[in-house]
Amino acid sequence: MSAPLLEVHGVVVAHRSGENEVHALDGVDFTLGQGESVALWGPSGSGKTTLLHVLGGLITPSSGGVLWRGEPLMPIREAAEMEERMQRVAYVFQGSKLLPTLTAYENVAFARWATRTNGNGSHSADELLGLVGLAGKLDALPAELSGGEAQRVGIARALAQSPELLLCDEPTGQLDSRTGERVLDLIDAIKEEMGLTLVTATHDIEVARRYDRMVELEDGRIATKQAVAA
């Protein structure tokens with residue numbers, strides 16, 4: 001196992017529902033190594049997306065703690081901290097969630113601007129779109145793209161941040177099986193080329209088996225942790 005990038009210790013995420021307290025996560029322990037690829041697998045409501053958001057610092061646990069390279073991963077409070085968080089962690093969502101009035105190029109360029117990565121040696125917007133096979137679609141609006149093309153723009157937008165950690169939430173959930181396979185192959189190839197750490201939440205066991213390690217969640221708890229056979 002490589003040196004830990006993230007460590008989750010006894011994390012609980014609780015919400016009030018009337019007079020009851022519902023645990024989205026209930027005592028989760030999880031370690032993520034630098035350069036690993038991990039699938040968070042389980043049915044809807046198992047806690048996959050909540051854990052993904054905890055790893056990215058978007059949700060503050062009700063109790064327990066999260067360490068980034070041995071230091072506490074604190075909630076976002078200040079602009080400087082938000083900028084640092086945005087640069088090291090990027091998301092690929094279920095559905096591309098592109099800005100509908102911006103072209104493919106503008107969606108990616110805006111992400112580079114918003115995360116202040118223009119001057120740090122990262123790929124340009126057109127280079128990133130070329131990397132995901134969309135060099136000929138720079139001027140296309142989201143409505144003019146297929147579902148797979150839009151998701152690839154979403155991947156390019158995430159990479160515009162030059163992240164260390166890429167978090168994917170059901171990235172193929174709205175795609176047909178063939179297009180989904182192509183998107184997953186692309187994410188895998190980019191992960192290896194850029195040396196990213198990758199965590200994907202999925203309900204699909206076949207998707208989960210593509211990863212180095214599969215973590216099964218059930219009712220907010222980790223049911224199993226296992227390496228995926230080669």
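Below, all heavy atoms of this structure are taken into account, side chains as well, without hydrogens, waters or symmetry copies. Counting from 1, the numbers follow the sequence of the chain as shown.
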Is there side-chain contact between Leu141 and Thr101, with at least one heavy-atom pair below 4.5 Å?
no
Between Asp212 and Ser37, is there a donor-acceptor pair closer than 3.5 Å when you use the side chain of the first and the backbone of the second?
yes
Do the side chains of Asp26 and Asp219 get nearer than 4.5 Å, heavy atoms only?
no
For the backbone of Ala14 and the side chain of Ser62, can you confirm whether one donor and one acceptor N or O come within less than 3.5 Å of each other?
yes
Could you check whether any side-chain heavy atom of Leu51 comes within less than 4.5 Å of a side-chain heavy atom of Val13, counting everything from C-beta outward?
no
Would you check if the side chain of Lys191 reaches a backbone N or O of Gly35 as a donor-acceptor pair within less than 3.5 Å?
yes
Apply side-chain contact (heavy atoms from CB on, under 4.5 Å) to the pair Val132 and Leu186, showing each step before the final yes or no.
CA-CA 7 Å; Val132 299; Leu186 176 62; 3.8 Å; yes
Is it true that the side chains of Asp126 and Ser124 contain a donor and an acceptor less than 3.5 Å apart?
yes
Closest approach of Ala158 and Val92, non-hydrogen atoms and distance?
CB-CG2, 3.9 Å
For the atom pair CD (Glu181) and CG (Asp176), what is the distance rounded to the nearest 0.5 Å?
10.5 Å
At what distance, to the nearest 0.5 angstrom, does CD of Glu170 lie from OG1 of Thr49?
6.5 Å
When you compare the side chain of Lys97 with that of Tyr91, does any pair of heavy atoms fall below 4.5 Å?
no
Does atom CG of Asp185 have more than 12 heavy-atom neighbours from other groups under 6.0 Å away?
yes
So do the side chains of Leu145 and Val153 get within less than 4.5 Å of each other, counting heavy atoms only?
yes
Which heavy-atom pair separates Val11 from Gly65 by the least distance, and what is that distance?
CG2-O, 3.6 Å
Return yes if some donor-acceptor pair links the side-chain N/O of Trp41 with the main-chain N/O of His203 below 3.5 Å, else return no.
yes
Glu7 vs Val66, side-chain contact (heavy atoms from CB on, under 4.5 Å): CA-CA, chis, key distance, verdict
CA-CA 6 Å; Glu7 298 169 80; Val66 183; over 6 Å; no
Here the gap from Arg157 atom CZ to Leu129 atom CG, rounded to the nearest 0.5 Å, amounts to 11.5 Å
Of the options Val28, Asp29, Thr31, which is the one that meets His9 in a side-chain contact (heavy atoms from CB on, under 4.5 Å)?
Asp29
Nearest-0.5 Å distance that lies between atom CD in Gln151 and atom CG in Leu175
5.5 Å
Gap between atom CZ of Arg213 and atom CZ of Phe30 - 0.5 Å precision
5.0 Å
Hey, what do you get for OH (Tyr211) to OG1 (Thr200), rounding to the nearest 0.5 Å?
3.0 Å
Run the salt bridge (Lys or Arg N to Asp or Glu O under 4.0 Å) test on Arg69 and Glu164 for me, step by step, so that the C-alpha distance in whole Å, both residues' side-chain angles and the decisive distance to 0.1 Å come before the verdict.
CA-CA 12 Å; Arg69 292 203 171 96; Glu164 297 177 63; 2.7 Å; yes
Spell out, as yes or no, whether a donor-acceptor pair under 3.5 Å connects the side chain of Glu193 to the backbone of Ile190.
no
Please report the shortest heavy-atom distance between Cys168 and Leu198, naming the atom on each side.
SG-CD1, 3.8 Å
Taking all non-hydrogen atoms of both residues, which atom of Pro142 and which atom of Asn107 are closest, and how far apart?
CG-ND2, 4.2 Å
Return yes when atom CZ of Arg16 has more than 12 non-hydrogen atoms of other residues, nucleotides or ligands closer than 6.0 Å, and no otherwise.
yes
Checking the side chain of Lys48 only, and the main-chain atoms of Leu40 only, is there a donor and an acceptor separated by less than 3.5 Å?
no
Using every non-hydrogen atom in the two residues, find where Val89 and Trp68 come nearest and quote the distance to one decimal.
CG2-CZ3, 3.9 Å
